[in-house]
Asker: 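The structure follows.
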Amino acid sequence: MEVDYKLEDPKAPLEESSVQLGDVKDMRLEAEAVVSDVMFAVSHMAVSQALSGSSDTAYINVETREGDRYCLELSEAGLRVVGRTFDQVDESQRWPHHETVYSLLDSLSPGYRDAFGNELLRRLERLQQNAQ
């Protein structure tokens, strides 16, 4: 996971002096970053408004390109599925943690893999065109 930080003024740019190891990061902010990073490769993804996380846990609802719905938990341990529908935590199931959202979605959705690969190829082609 990324280095923990404490930002005094949320509108101020992040400077090296503002990074302090050991501080707890706001997982809702981390969850928003996760959503914006992979939104292009899923049908729907949003931070749960119904499940109240905490400063060290957030919940994300995701619908894969295949139409499967999941509730994900984001914590310092990583990401894991906690439910098979939006806004649901099923304590009777134990799903493994993944270090990254890419790994988790790769394990759940062939459509995600295809979309991610196609986007990577598109960006590489654009880089190649810009270099010429």
Side-chain angles (χ1 to χ4, degrees):
M1 300 219 89
E2 297 176 34
V3 174
D4 295 341
Y5 63 90
K6 184 177 188 178
L7 192 56
E8 299 300 325
D9 177 4
K11 294 179 182 153
L14 181 62
E15 297 176 10
E16 203 170 322
S17 63
S18 68
V19 176
Q20 298 176 6
L21 294 176
D23 289 346
V24 177
K25 47 184 155 179
D26 184 346
M27 282 301 167
R28 285 191 67 81
L29 293 175
E30 285 288 316
E32 292 290 349
V34 165
V35 169
S36 67
D37 201 32
V38 296
M39 184 65 160
F40 72 92
V42 296
S43 295
H44 173 80
M45 192 172 205
V47 176
S48 174
Q49 300 300 312
L51 293 175
S52 60
S54 62
S55 63
D56 60 350
T57 305
Y59 296 94
I60 301 170
N61 293 318
V62 62
E63 182 176 342
T64 65
R65 290 188 170 219
E66 295 81 15
D68 298 323
R69 291 182 168 195
Y70 299 96
C71 183
L72 310 178
E73 177 188 74
L74 174 64
S75 68
E76 285 294 327
L79 287 125
R80 70 180 179 124
V81 173
V82 291
R84 292 197 176 268
T85 189
F86 289 174
D87 301 318
Q88 176 198 47
V89 177
D90 183 353
E91 297 291 342
S92 69
Q93 297 289 321
R94 290 287 174 215
W95 286 280
H97 281 92
H98 294 261
E99 286 188 29
T100 66
V101 67
Y102 315 110
S103 170
L104 185 141
L105 289 173
D106 188 65
S107 72
L108 296 176
S109 171
Y112 165 79
R113 282 192 297 275
D114 292 343
F116 188 86
N118 290 337
E119 180 65 15
L120 181 60
L121 182 60
R122 187 181 67 74
R123 289 182 185 187
L124 290 172
E125 288 172 345
R126 189 172 14 151
L127 281 173
Q128 185 179 25
Q129 289 172 354
N130 291 341
Q132 294 176 349

Asker: For R84 and W95, which heavy atoms make the closest approach, and how far apart are they?
Answerer: NH2-NE1, 3.8 Å
Asker: Main chain of D106, side chain of R113: is a donor-acceptor contact present, judged purely on distance under 3.5 Å?
Answerer: yes
Asker: Which residue pairs pass the side chain to side chain donor-acceptor pair (under 3.5 Å) test with at least one member in residues 123-132, sequence neighbours excluded?
Answerer: E119-R123
Asker: Checking A131 now: which residues fulfil side chain to side chain contact (heavy atoms under 4.5 Å, CB included) with it, not counting sequence neighbours?
Answerer: none
Asker: Could you give all pairs that pass the ring pair (Phe, Tyr, Trp, His ring centres under 6.0 Å) test and reach residues 46-81, with sequence neighbours left out?
Answerer: none
Asker: Of all residues at least two apart in sequence or in a different chain, which pass the side chain to side chain contact (heavy atoms under 4.5 Å, CB included) check with S107?
Answerer: H98
Asker: With sequence neighbours excluded, what pairs up with N118 under the side chain to side chain contact (heavy atoms under 4.5 Å, CB included) test?
Answerer: none
Asker: Starting from V81, can I reach M45 by hopping between I/L/V/M/F/W/Y residues whose side chains sit under 4.5 Å apart?
Answerer: yes
Asker: The test is side chain to side chain contact (heavy atoms under 4.5 Å, CB included); show your working for M27 and T57 and say whether it passes.
Answerer: CA-CA 6 Å; M27 282 301 167; T57 305; 5.6 Å; no
Asker: Please identify each residue that fulfils salt bridge (charged side-chain N to carboxylate O under 4.0 Å, His left out) with D114, with sequence neighbours left out.
Answerer: none
Asker: Quick one: OG on S52 to CZ on R28, what's the gap to the nearest 0.5 Å?
Answerer: 9.0 Å
Asker: Partners of A31 by side chain to side chain contact (heavy atoms under 4.5 Å, CB included), sequence neighbours excluded?
Answerer: V47, A58, I60, L74
Asker: For residues 36-44, which side-chain N or O atoms pair as donor and acceptor with protein atoms under 3.5 Å away, sequence neighbours left out?
Answerer:
from: S36; atom 1: OG; to: E32; atom 2: O; distance (Å): 3.4
from: S36; atom 1: OG; to: A33; atom 2: O; distance (Å): 3.1
from: D37; atom 1: OD2; to: Y102; atom 2: OH; distance (Å): 2.1
from: S43; atom 1: OG; to: T64; atom 2: O; distance (Å): 3.1

Asker: Do L72 and V82 come close enough that some side-chain heavy atom pair is under 4.5 Å?
Answerer: no
Asker: For D90, what residues pass the side-chain hydrogen bond (donor to acceptor under 3.5 Å, both in side chains) criterion, not counting sequence neighbours?
Answerer: S92
Asker: Keeping to residues at least two apart or across chains, list the salt bridge (Lys or Arg N to Asp or Glu O under 4.0 Å) pairs with something in residues 63-72.
Answerer: E63-R69
Asker: Can you list, by chain and residue number, the hydrophobic cluster partners of F86 when the side-chain cut-off is 4.5 Å?
Answerer: none
Asker: Would you compute the distance between atom OG of S75 and atom CD of E30 and round it to the nearest 0.5 angstrom?
Answerer: 11.0 Å
Asker: Would you mind telling me which of V101, L29, L104 makes a side-chain contact (heavy atoms from CB on, under 4.5 Å) with V34?
Answerer: V101
